[in-house]
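Everything on this sheet refers to the single structure shown next.
Sequence positions, counted from 1, serve as the residue numbers for this chain. The figures here come from the full heavy-atom set of this structure, side chains too, leaving out hydrogens, waters and symmetry mates.
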Amino acid sequence: MEPKSIVSEDEWITRFRHGDRAAFEFLYRLYAENLITYASRKLSSLEEARDIIHDLFVELWTSREKLAVTDSLQSYLFSATRYRIIDHIR
């Protein structure tokens, strides 16, 4: 089940960029499960998928001030996951 909010995605991203941990947690809860499911379909184990998504969110947090989302955060995260899966398989 996805958390719901009356705050727009752009506002959550802005808050996230400014270091708001609650915004980070909200975005993680909103997207991580679907990203893990997507990654686990492409990889040999659920643990590998969880590791990839965990690492993705750690990197997002450490470079949050540079986050450049031009379309939607969901699209950005799925693209980032796809590239991480490709790198992992190599």
Distance from [X] atom [atom1] to [Y] atom [atom2], nearest 0.5 Å?
{"X": "Leu43", "Y": "Tyr38", "atom1": "CG", "atom2": "OH", "value": "10.0 Å"}
{"X": "Trp12", "Y": "Leu30", "atom1": "CH2", "atom2": "CG", "value": "9.5 Å"}
{"X": "Ile53", "Y": "Leu35", "atom1": "CD1", "atom2": "CG", "value": "4.5 Å"}
{"X": "Glu9", "Y": "Leu73", "atom1": "CD", "atom2": "CG", "value": "5.0 Å"}
{"X": "Ile86", "Y": "Thr81", "atom1": "CD1", "atom2": "OG1", "value": "11.0 Å"}
{"X": "Phe57", "Y": "Tyr31", "atom1": "CZ", "atom2": "OH", "value": "9.0 Å"}

Close side-chain approach of [X] and [Y], heavy atoms under 4.5 Å:
{"X": "Ile52", "Y": "Ile36", "answer": "no"}
{"X": "Ile13", "Y": "Tyr76", "answer": "no"}
{"X": "Phe78", "Y": "Gln74", "answer": "yes"}
{"X": "Leu77", "Y": "Leu60", "answer": "yes"}

Practice task
Sort and list the pairs that fulfil side-chain hydrogen bond (donor to acceptor under 3.5 Å, both in side chains) and have at least one residue in residues 13-23, not counting sequence neighbours.
Solution key: Arg15-Asp20

Problem - Shared hydrophobic cluster for Tyr83 and Val69 (ILVMFWY, side-chain gaps under 4.5 Å) - result: no

Exercise for the section: Could you note down all residue pairs passing salt bridge (charged side-chain N to carboxylate O under 4.0 Å, His left out) where residues 61-78 supplies at least one of them, sequence neighbours left out? Expected result: none

Problem - Arg84 and Asp87 ion-paired at < 4.0 Å - result: no

Problem - Minimum heavy-atom distance between Ser44 and Glu48, given as atom pair plus value - result: OG-OE1, 3.1 Å

